[in-house]
Structures are given as C-alpha cells and as structure tokens.
Amino acid sequence: MSHALPPRRELPPEVRERMRATVRAGLAPRRGRALAAAAAVVLLVGGALIGAQFLRPAEPVAGAGGGVDDRCWAAIASAGRAGQVPPRAEWQVTGRRALGDDVVTSYLAGGKPVFCETTATTVTVSDPGAAPASAPGSRTGLLLRTGTGLVAGVADPLWPRIELSLADGLGVTVEPVTPASGVFTAFTGTGPATPLWAGMSVEGQTARPGPRVELPPAPAPLVSVVDVPGDRSSPAGRALGECLAALAESPDDADGYQPGAMLENGPYRVVLGRSAEHTIACVSGPAGATLQLDTFVGRSIPVRRLSVPAQGGKVPFVGIAPRSAASMVADFGTGEPVTVPVVNGTFAGWLPQGATPVYPERGDAWVRVADARGVTLYNGSVTLR
C-alpha cells in the first residue's frame with residue numbers, strides 16, 4: 001500500500017510574517033486553544049493545500065460532582081498529609097478537564113480551592129493551606145504548576161476569562177474562569193521554568209482589553225507521587241526496566257515511565273519511555289547504558305525528535321508523538337515513503353540508507369501522523385540531521 005505525502009512547499013516570507021503578526025496582535029483564540037502550539041494552520045500556497053494539524057484542546061469532563069477522587073485522596077493519605085487538609089466530606093468538585101490521560105480536577109475543600117492532577121502513573125495535589133502569590137496589581141495567582149504543562153490558580157474576580165501568554169507577548173491560551181470560585185485551569189505545553197504572563201480576556205476581543213502581568217511561581221504541591229508504576233512485564237517494559245536499572249544514576253521518577261517504541265540492532269537497544277512530564281530514550285549496548293532525557297531537536301509540534309547517536313552503525317529516528325497517534329509515514333528523501341512504528345505516544349525506527357533531508361536548508365524530514373481512525377494529527381516537518 002502506498003502512502004502519498006502532500007507536496008512540500010515553502011511558505012512565502014510575507015505569509016509567515018502575516019501569520020506571526022496575527023498571533024502577536026492578541027487576537028482571542030477559541031476557548032482552550034493554544035495560539036502558539038495547539039491551533040490548526042492551513043494555507044493555500046501556489047495551488048497546494050499545506051498545513052500543520054495539532055492536538056485537540058483540553059475538554060471538560062462530564063459528571064463533575066461529588067467528593068474527592070479516590071486516587072487523589074489515597075495519595076494524600078499515603079503521604080501522611082490527611083491531617084493537613086479539610087476532611088474528605090468537605091471536598092466538592094467544581095470542575096474537571098482532561099487532555100488525553102492527564103486529568104485535572106478543581107475542588108473547594110473546606111471553602112478553599114484545591115487542584116488534583118492525575119496521569120496514568122502520577123498524582124499531584126496542590127496545597128490548600130498555601131495562598132497564591134498574586135501578580136503585581138492583580139488578584140490573579142497560581143496554586144499549581146507541573147511539568148506536564150498544567151497551570152491552575154485563582155483569577156482576578158473581574159476577569160470573565162484569562163489569557164496566558166509568554167514574556168514576549170505571544171499568546172498561549174485563553175481559558176474560562178469559574179464564576180463562583182474564580183478558579184481556572186490550563187494545559188499550556190510549557191514547563192515550570194518558563195515565565196507566564198496573565199491578562200483579562202473578553203468575548204469577541206480584537207485586541208487585549210487590559211495590561212498583562214507576570215505570574216509569580218506556584219507554591220510547592222502538597223503531594224506529588226507515582227501511584228501506578230509503569231509496565232515492566234511486556235517485552236518493551238522489561239527492556240525499559242533493565243536499561244534504567246543499568247544506569248549509573250537512574251532518574252528519581254523511573255517507576256513512572258511507561259514503555260514506548262523500541263529498536264534493536266544486535267547487542268544495541270533503544271527503548272522509549274514516557275511519563276506525564278518527560279520522554280526518555282534509554283540506550284543500552286556493550287559499553288553500558290545511557291539516558292537521553294527530553295533533549296529534543298527541531299521545531300515540530302507535537303511531533304518532535306529525540307537526539308540519540310548511532311547504535312551499531314544505524315541511526316535511530318525516535319521521539320514523541322500525540323498519545324492518540326497510531327501510525328506515522330515519513331519521507332526521508334529516498335524516493336519511497338517509510339512507515340515508522342508508533343507506540344504509546346512515541347515513535348522509533350532506523351533511518352534508511354541514503355536518508356537525506358527533504359528540506360536541505362533546514363535538515364528536515366517530512367512526516368504524517370494519524371490516529372487509529374486515520375485522522376491526521378500532524379502533517380509537517382521533523383528534524384532529520
């Protein structure tokens with residue numbers, strides 16, 4: 001079966017500048033969509049339809065009601081922190097949103113806002129006893145920020161919606177503010193070290209209605225634990241466990257990594273692992289084991305390559321893909337499309353002989369990633385060299 005990739009066309013400079021100017025102008029994105037990374041861009045250039053299709057935004061989860069989630073409470077209790085929070089009977093859900101298997105639930109616990117983030121292997125709970133450090137001239141502050149990109153806090157009561165942006169003004173996302181409690185949650189795709197700015201957003205805006213303010217760091221969480229260890233019984237799970245155990249210094253959260261795609265070349269092996277916060281490539285061979293942690297190269301979002309050196313004369317093409325991805329087809333400049341295996345939000349394949357960038361000036365390959373229904377999740381470039 002052949003897979004015809006779309007023709008490759010460079011965007012004219014004036015088109016690129018218009019796109020960036022539109023983002024920087026502060027136009028309000030649709031609810032829950034990230035301007036910088038989560039919107040779809042489709043243009044007609046030279047008669048060819050080109051574009052990049054990205055992940056769906058976070059969505060509300062139905063049935064938000066009742067008390068604290070069992071996993072959240074179990075994490076609090078197992079950490080010996082139950083005495084530091086209101087009794088379980090006083091917890092009431094005020095909202096719940098999900099992005100894949102990353103779920104954040106907001107609560108009022110004894111009248112105080114609390115957030116609990118659960119992933120496939122981890123639980124993180126904000127500290128209800130900690131007050132958010134408010135941004136200058138505002139009553140907006142963070143209560144929880146995690147390595148998954150989650151941001152949660154309390155917004156100024158005068159703000160119907162909140163816009164989060166980067167220091168240079170590039171918008172990240174616009175989120176609703178819960179009227180009764182004033183809380184907000186957002187999956188930003190940014191790490192805790194990235195400064196975020198906040199400002200009011202209103203329906204139908206064509207420019208920012210007010211000033212932006214830099215958000216101070218969130219307080220330390222009350223609990224952050226791995227409560228469901230990653231699989232170590234499947235072939236890839238065993239390989240990941242063996243490789244992590246062979247490292248001179250294993251990561252603190254090693255138990256939380258779920259196995260992904262794997263490559264083998266005689267005594268050489270590359271196995272991918274993914275947690276809520278990071279993706280790793282654990283590499284083993286005659287010289288021992290090494291770890292590549294989030295050392296991404298390239299500009300592609302949400303498909304990114306992890307830089308791993310050649311193993312036994314073969315070059316790994318490995319990295320991260322959307323968690324819902326089921327297939328990848330790549331163009332490595334060899335004249336034929338190449339199928340790259342995708343497992344648990346990771347991809348791994350050996351570069352074929354004669355692989356060359358299809359964009360020589362950038363050193364990029366071209367890939368198309370689809371879900372199990374064949375719906376395209378990403379159609380764009382990934383660094384090859």
Side-chain angles (χ1 to χ4, degrees), residues 1-24 36-55 168 170 189 261 263 265 268 270 272 279 281 283 292-322 325 327-342 345-370 376-385:
M1 176 180 178
S2 64
H3 300 270
L5 293 174
R8 299 178 295 274
R9 299 289 182 91
E10 282 295 315
L11 289 177
E14 65 273 15
V15 174
R16 286 198 301 267
E17 288 304 313
R18 283 201 302 270
M19 291 168 59
R20 186 163 183 82
T22 297
V23 173
R24 288 188 176 278
V41 177
V42 181
L43 297 171
L44 188 65
V45 178
L49 188 65
I50 62 175
Q53 295 173 305
F54 299 109
L55 290 172
D168 65 358
L170 189 65
L263 296 175
N265 179 27
Y268 299 92
V270 181
L272 279 291
T279 298
V283 183
Q292 298 286 343
L293 172 63
D294 285 350
T295 52
F296 291 112
V297 293
R299 299 166 299 279
S300 299
I301 299 172
V303 178
R304 295 172 288 176
R305 187 181 177 192
L306 199 64
S307 180
V308 177
Q311 301 295 311
K314 292 186 175 184
V315 179
F317 181 73
V318 301
I320 186 173
S327 65
M328 174 186 286
V329 178
D331 184 349
F332 296 126
T334 61
E336 295 182 358
V338 177
T339 298
V340 180
V342 177
T346 67
F347 63 89
W350 299 111
L351 284 182
Q353 291 292 325
T356 57
V358 296
Y359 293 111
E361 70 283 3
R362 297 205 308 258
D364 286 356
W366 186 270
V367 302
R368 183 175 64 211
V369 179
T376 298
L377 302 174
Y378 180 78
N379 192 344
S381 60
V382 174
T383 294
L384 179 63
R385 64 187 178 196

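Quick caveat: nothing in here was measured; it's all calculated off a predicted structure.
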With under 30° as parallel and over 60° as perpendicular, where do the rings of Phe317 and Phe332 fit, or are they tilted in between? perpendicular
Indicate yes or no: at least one non-hydrogen side-chain atom of [X] is less than 4.5 angstrom from one of [Y].
| X | Y | result |
| --- | --- | --- |
| Val283 | Tyr268 | no |
| Thr383 | Asp364 | yes |
| Pro322 | Val303 | yes |

I need the minimum non-hydrogen distance between [X] and [Y], along with the two atoms involved.
| X | Y | value |
| --- | --- | --- |
| Val308 | Gln292 | CG2-CG, 4.0 Å |
| Leu351 | Ala355 | CB-CB, 4.4 Å |
| Val358 | Gly333 | CG1-N, 3.6 Å |
| Gln311 | Asn265 | O-ND2, 3.1 Å |
| Val329 | Pro337 | CG1-CB, 3.7 Å |
| Pro352 | Thr334 | CG-CG2, 4.0 Å |

Let me know which of Thr346, Leu263, Thr279 forms a side-chain contact (heavy atoms from CB on, under 4.5 Å) with Val318. Leu263
Gap between atom CH2 of Trp350 and atom NZ of Lys314 - 0.5 Å precision: 6.5 Å
